[in-house]
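Within every chain, numbering begins at 1; the chains are lettered A, B, ... in the order of the sequence lines, protein sequences first and strands thereafter.
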Amino acid sequence: AQKITQTQPGMFVQEKEAVTLDCTYDTSDPSYGLFWYKQPSSGEMIFLIYQGSYDQQNATEGRYSLNFQKARKSANLVISASQLGDSAMYFCAMRIRNSGNTPLVFGKGTRLSVIA
Amino acid sequence: GAVVSQHPSWVICKSGTSVKIECRSLDFQATTMFWYRQFPKQSLMLMATSNEGSKATYEQGVEKDKFLINHASLTLSTLTVTSAHPEDSSFYICSASPEEFPGTGELFFGEGSRLTVL
């Protein structure tokens with residue numbers, strides 16, 4: 001079974017500063033994908049970034065980057081130049097890649113608050 | 001990206017009644033859809049996997065007779081909460097992808113349905 005651990009229930013960051021949201025995972029499957037989703041108060045799930053287990057380089061998407069350390073089984077999200085609109089819940093998730101259609105398994109989430 | 005639409009966005013019902021929530025893939029066919037439940041200030045928990053043309057697969061602890069799932073076509077899955085009670089009040093959200101694990105393997109989510117049982 002897969003497990004995602006997010007140990008930071010809440011984080012505060014000053015506007016324009018960078019922030020790192022922690023995520024560790026556990027799986028015995030060699031092929032998987034790691035995802036970060038943002039959930040504002042409206043409830044919608046917004047896809048931010050993806051990292052494949054065989055990817056050699058860390059993923060980047062605009063202000064988002066994923067610090068992937070496979071040996072440590074960690075996939076931390078780095079948000080640079082924080083904006084007030086970044087205030088939301090952030091979920092780390094994993095999806096096993098096999099022959100079937102597999103679901104996402106989510107961590108408990110981190111609530112990020114950006115301070116002006 | 002692919003679009004998943006969910007309806008209704010929110011619903012209020014009386015205890016003991018049944019509520020149906022629809023999840024549609026608008027621009028792709030989905031043989032599999034996933035239903036999640038999210039209680040306030042908690043994470044998304046997988047309830048069941050909906051398979052087109054066959055029975056849904058439920059996660060441990062999820063009552064099959066209470067949460068009826070029907071995946072009658074390649075673009076529509078429905079979740080019916082039968083004899084709803086206040087403890088069923090939650091945010092229900094569905095997700096799907098065009099292929100089994102395309103490209104990034106991103107799952108696309110519906111807007112979610114907020115159920116309040118009085």
Task: Among B:Gln38, B:Lys41, B:Met45, residue most engaged with chain A (heavy-atom pairs, under 4.5 Å) - done: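 Answer, by heavy-atom pair count under 4.5 Å with chain A: B:Gln38.
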- [ ] Quick one: which of A:Glu44, A:Met45, A:Gln51 has the most heavy-atom pairs under 4.5 Å with chain B, could you say?
- [x]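 The candidate making the most pairs under 4.5 Å is A:Met45.
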Task: Top contributor to chain B interface from A:Ala59, A:Pro103, A:Gly109, A:Gly43 [non-hydrogen pairs under 4.5 Å] - done: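 Top count of heavy-atom pairs under 4.5 Å with chain B: A:Pro103.
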TODO: Using non-hydrogen atoms and a 4.5 Å limit, figure out which bit of A:Phe91 sits close to chain B: side chain, backbone, both or neither.
DONE: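 Just its side chain gets close to chain B.
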TODO: Select one option (side chain, backbone, both, neither) describing which atoms of A:Gln39 are under 4.5 Å from chain B's heavy atoms.
DONE: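 When you check distances to chain B, only side chain atoms of A:Gln39 fall under 4.5 Å.
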TODO: List in chain and number order the residues that pass salt bridge (charged side-chain N to carboxylate O under 4.0 Å, His left out) with A:Asp26, two or more places apart in sequence or in another chain; answer none if no residue qualifies.
DONE: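 Partners of A:Asp26 by the salt bridge (charged side-chain N to carboxylate O under 4.0 Å, His left out) criterion, ordered by chain and then number, come out as A:Lys73.
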Open item on the list: Quick check on B:Gln6 against chain A: is it the side chain, the backbone, both or neither that has a heavy atom closer than 4.5 Å?
Closed with: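 Contact with chain A is absent: no heavy atom of B:Gln6 under 4.5 Å.
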Open item on the list: With a 4.5 angstrom heavy-atom cut-off, is it the side chain or the backbone of B:Leu44 that approaches chain A, or both, or neither?
Closed with: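 Contact with chain A: backbone and side chain both.
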Task: Minimum side-chain heavy-atom gap A:Pro30-A:Tyr54 below 4.5 Å - done: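 In contact.
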- [ ] Taking the side chain as every heavy atom from C-beta outward, state whether A:Asn58 and A:Leu66 have any atom pair closer than 4.5 Å.
- [x]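 With C-beta onward as the side chain, the pair stays apart.
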Open item on the list: So, using side-chain contact (heavy atoms from CB on, under 4.5 Å) as the criterion, who are the partners of B:Lys66 when residues are at least two apart?
Closed with: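 Scan of B:Lys66 (side-chain contact (heavy atoms from CB on, under 4.5 Å), adjacent residues dropped) gives B:Glu63, B:Thr82, B:His85, B:Asp88.
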Open item on the list: Is the ring pair B:Phe109/B:Tyr36 parallel, tilted or perpendicular, if the boundaries are 30 and 60 degrees?
Closed with: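 The rings of B:Phe109 and B:Tyr36 sit tilted, inter-plane angle from 30° to 60°.
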TODO: Could you label the plane-to-plane angle of the A:Phe68 and A:Tyr32 rings as parallel, tilted or perpendicular, counting under 30° as parallel and over 60° as perpendicular?
DONE: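 Perpendicular: the ring planes of A:Phe68 and A:Tyr32 meet at over 60°.
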